[in-house]
Amino acid sequence: MEMTDDLLDERSLSKLRWRCRRGLLENDLLIEKFFLRFESTLNVRQAKGLNDLMDLSDNDLLDLLLRRKEPDQLSELPAKASASTPEALEVLSMLRPGSLVS
């Protein structure tokens with residue numbers, strides 16, 4: 001499937017929001033801020049990146065969001081692969097607090 005800049009439709013956005021629910025409150029808060037800021041402009045490519053990041057454990061995701069680690073520093077190979085896709089890297093830069101991406 002080709003990644004596109006097409007905006008997500010309502011159903012896809014709703015499914016993505018549900019998929020992004022996390023066990024750690026800190027992750028939930030950062031993801032909620034992300035949706036408040038970018039929900040209306042999310043495209044298919046970014047949705048793929050967010051899905052890639054949701055494959056991570058809560059602790060790995062939080063380490064990335066708080067810049068305690070970079071994707072290549074994750075210990076598990078599948079986690080490293082999920083967090084290192086071009087789409088995941090783009091969305092990670094949007095998710096991190098203090099992001100300059102708008």
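A donor atom on one side chain and an acceptor atom on the other are not found under 3.5 Å apart for E87 and Q46.
Side chain of T41 to main chain of F38: a donor-acceptor pair is present (N/O by atom type, distance under 3.5 Å, no hydrogens or angles). Between the side chain of D60 and the main chain of L56, no donor-acceptor pair closer than 3.5 Å is present. Not a single donor-acceptor pair under 3.5 Å links the side chain of N27 to the backbone N or O of R22. Under a 3.5 Å cut-off, the side chain of S84 and the backbone N or O of A81 do not form any donor-acceptor pair.
Looking at D55 and R19, a side-chain N of the basic residue comes within less than 4.0 Å of a carboxylate O on the acidic one, giving a salt bridge. Ion pairing between a basic and an acidic side chain is recognised when a charged N comes within 4.0 Å of a carboxylate O; R96 and E70 show such pairing.
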Derivation of the side-chain contact (heavy atoms from CB on, under 4.5 Å) call for L30 and L61
CA-CA 11 Å; L30 291 169; L61 181 60; over 6 Å; no
D52 vs T85, side chain to side chain donor-acceptor pair (under 3.5 Å): CA-CA, chis, key distance, verdict
CA-CA 8 Å; D52 290 344; T85 66; 2.7 Å; yes
Show, in sequence, the C-alpha distance, side-chain angles and deciding distance for R17 and E32, and conclude whether the salt bridge (Lys or Arg N to Asp or Glu O under 4.0 Å) test is met.
CA-CA 9 Å; R17 283 187 79 107; E32 186 57 34; 3.0 Å; yes
Start with the C-alpha distance between L8 and N43, add both sets of side-chain angles, then the distance that settles side-chain contact (heavy atoms from CB on, under 4.5 Å), and finish with yes or no.
CA-CA 5 Å; L8 282 186; N43 62 43; over 6 Å; no
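With contacts defined as side-chain heavy-atom distances shorter than 4.5 Å, the pair L53/L92 qualifies. Counting heavy atoms from C-beta on, the side chains of F35 and L42 come closer than 4.5 Å. Side-chain atoms of C20 and L50, non-hydrogen and from C-beta on, do get closer than 4.5 Å to each other.
Tracing side-chain contacts under 4.5 Å through hydrophobic residues (I, L, V, M, F, W, Y), one never reaches M54 starting from L29; they form parts of separate clusters.
Here the closest heavy-atom approach between residue S40 and residue L7 is recorded as O-CD1, 4.0 Å. Here the closest heavy-atom approach between residue P71 and residue L89 is recorded as CG-CD2, 3.6 Å. Closest approach of L65 and P97 over heavy atoms only: O-CD, 3.2 Å. For the pair A88 and S82, the tightest heavy-atom approach, listed with the atom from each and the gap, is CB-O, 3.4 Å.
Distance check, rounded to the nearest 0.5 Å: CD of E76 to OG of S57 gives 8.5 Å. Between the CG atom of L16 and the NZ atom of K48 there is a distance of 13.0 Å, given to the nearest 0.5 Å. Expressed to the nearest 0.5 Å, how far CG of L13 lies from CD of E39 amounts to 4.5 Å.
Applying the 6.0 Å contact sphere to CZ of R68 captures more than 12 heavy atoms from other residues, nucleotides or ligands. The local environment of CD in E26 is crowded, with over 12 non-hydrogen atoms from other residues, nucleotides or ligands closer than 6.0 Å.
Results of the side chain to side chain contact (heavy atoms under 4.5 Å, CB included) test with L66 over L62, L64, D63 single out L62 as the only residue that passes.
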